[in-house]
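First up is the structure itself, then whatever we jot down about it.
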There are 2 protein chains.
Amino acid sequence: MDDKTRSTYFTFFNEIGIISQLSRTILESRLPDGMLISHFSVLNHLMRVGDGRTPQDISRAFQVPKTSMTHTLAVLEKHNLVEMKPNPKDGRSKNVWITAKGREFRDHAIAGMDPDIERLSGLLAEFDVATVSEQLAGIRKIMDASRDEKD
Amino acid sequence: MDDKTRSTYFTFFNEIGIISQLSRTILESRLPDGMLISHFSVLNHLMRVGDGRTPQDISRAFQVPKTSMTHTLAVLEKHNLVEMKPNPKDGRSKNVWITAKGREFRDHAIAGMDPDIERLSGLLAEFDVATVSEQLAGIRKIMDASRDEKD
DNA sequence: ATTATATAGTTCGATATCGTACTTAATTGA
DNA sequence: TCAATTAAGTACGATATCGAACTATATAAT
């Protein structure tokens with residue numbers, strides 16, 4: 001493979017990683033003590049794609065080991081932000097439901113970022129973030145669909 | 001602030017986060033056992049921007065606590081991938097130098113991703129990754145420069 | 001039907017990450 | 001000059017993340 005392709009993709013993923021880290025830091029600094037991105041992300045996911053999913057569904061969506069998700073969900077459940085119920089279709093499995101408190105928490109966290117988004121949208125006025133975002137969504141969908149292919 | 005701006009930025013950072021996680025998983029699966037993204041990233045950083053930096057410089061670059069960097073550097077040093085020397089300009093500080101073995105490790109890790117980049121560059125042919133990357137670099141630079149402003 | 005295999009989730013031990021408190025050295029300011 | 005403050009790195013304890021092994025249930029094979 002040619003050097004240019006390698007360097008293009010490597011640079012791309014590097015930029016993605018830096019922006020991801022910067023945005024994580026911003027969001028995390030707005031979350032209450034003890035709450036991490038992992039917790040927020042699961043709640044946000046459940047509201048975006050709908051709740052009642054299994055832990056496996058969620059761990060696959062985030063591309064993290066199921067054992068990590070067990071732990072994250074246990075924390076959320078302890079804080080009454082989600083409820084775990086038996087999966088009526090599969091005795092081994094569970095269904096995860098977000099609680100009213102969980103919805104509030106997520107909405108409040110998003111609202112808490114308003115000053116940051118205000119500031120950033122001013123600073124980034126010269127960029128077409130919406131269009132870049134659409135491109136990224138396309139790239140993400142393809143990467144997501146091919147995630148298990150290897151070699 | 002209007003809902004559209006909020007949702008644009010929120011979607012943008014969400015896409016960034018997903019792609020970041022997908023690319024991290026790909027890279028990490030190519031690293032030898034026990035080596036994580038954090039280790040690779042530091043070596044890569046030292047080669048990109050030059051070594052001899054202080055631990056603080058590096059922790060600030062990655063926007064992680066200095067105590068996390070202490071640990072990461074200790075692991076790298078134990079594996080002889082970096083060397084820590086006293087900072088001649090500041091008795092409290094250190095300088096971090098990448099070793100020949102560290103350079104090899106980083107180059108080898110990058111080469112190990114070739115099959116993935118090959119595959120992705122085929123799948124993503126319809127996207128102008130280089131141009132998106134340039135946009136991201138611009139966004140990243142501004143975010144990076146304004147990272148400590150708040151409220 | 002019964003056994004073999006695969007799957008969902010948990011437990012457990014190891015390492016990573018992080019916040020707080022501490023040590024040591026540099027800098028500031030009276 | 002020297003006390004007060006700031007800054008770099010580390011030690012330590014708490015939680016997060018992860019891989020391997022395990023339990024319980026579902027599915028497949030005969």
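Every chain is numbered from 1, with letters handed out A, B, ... down the list of sequences. Atoms considered below: every heavy atom in the structure, side chains included; atoms not considered: hydrogens, waters and symmetry mates.
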Phosphate-side-chain proximity, A/Ser38 and D/dT17, N/O vs OP1/OP2 below 4.0 Å: yes

Between C/dC18 (P) and B/Gln63 (CD): distance, integer Å: 11 Å

SB check A/Lys141 A/Asp144 (cutoff 4.0 Å): no

Parallel, tilted or perpendicular: ring planes of A/Phe12 versus A/Tyr9, cut at 30 and 60 degrees: perpendicular

Nearest-Å distance for atom pair CE/P, residues A/Met69 and C/dT10: 12 Å

Given DNA chain D, 5'-ward residue of the pair B/Asn87 and A/Gly34, judged by closest heavy atom: B/Asn87

Full working for side-chain contact (heavy atoms from CB on, under 4.5 Å) between B/Lys85 and B/Val96: CA-CA 7 Å; B/Lys85 300 190 176 173; B/Val96 185; over 6 Å; no

Rounded interatomic separation in angstrom, taking CG from A/Asp33 and C1' from D/dA14: 13 Å

A/Asp57 CG - C/dT7 P separation (whole Å): 15 Å

Protein proximity profile, nucleotides 24-29 of chain C - base contact B, sugar-phosphate-only contact S, no contact -, cut-off 4.0 Å on heavy atoms: BBS---

Integer-rounded Å distance: D/dT17 P and B/Leu31 CG: 19 Å

Check: A/Thr5/A/Asp2 side-chain N/O donor and acceptor closer than 3.5 Å: yes

Charged N-O contact under 4.0 Å between A/Arg92 and A/Asp90: yes

A/Leu73 CG to C/dA8 P, straight-line distance once rounded to whole Å: 15 Å

Salt-bridge criterion met for A/Arg103 and A/Asp51 (N-O under 4.0 Å): yes

Residue-phosphate contact under 4.0 Å: B/His71 side-chain N/O, D/dA11 OP1/OP2: no

Distance test, side-chain N/O of A/Thr72 to OP1/OP2 of D/dT17, below 4.0 Å: yes

Nucleotide nearest B/Leu36 when distance is taken to its side chain, options C/dA8, D/dA16, C/dA16: C/dA16

Protein-nucleotide distance (A/Met35, atom CE; C/dG19, atom C1'), rounded to Å: 17 Å

Phosphate-side-chain proximity, B/Lys66 and C/dG19, N/O vs OP1/OP2 below 4.0 Å: no

Test item: side-chain donor near acceptor, B/Thr11 and B/Asn14, under 3.5 Å: no

Sugar-phosphate only, base, or nothing, as touched by B/Ser93 at under 4.0 Å among non-hydrogen atoms: sugar-phosphate

Length of the CZ-P vector between A/Arg53 and C/dG9, whole Å: 13 Å

A/Thr67 side-chain proximity, nearest of C/dC18, D/dG9, C/dT11: C/dT11

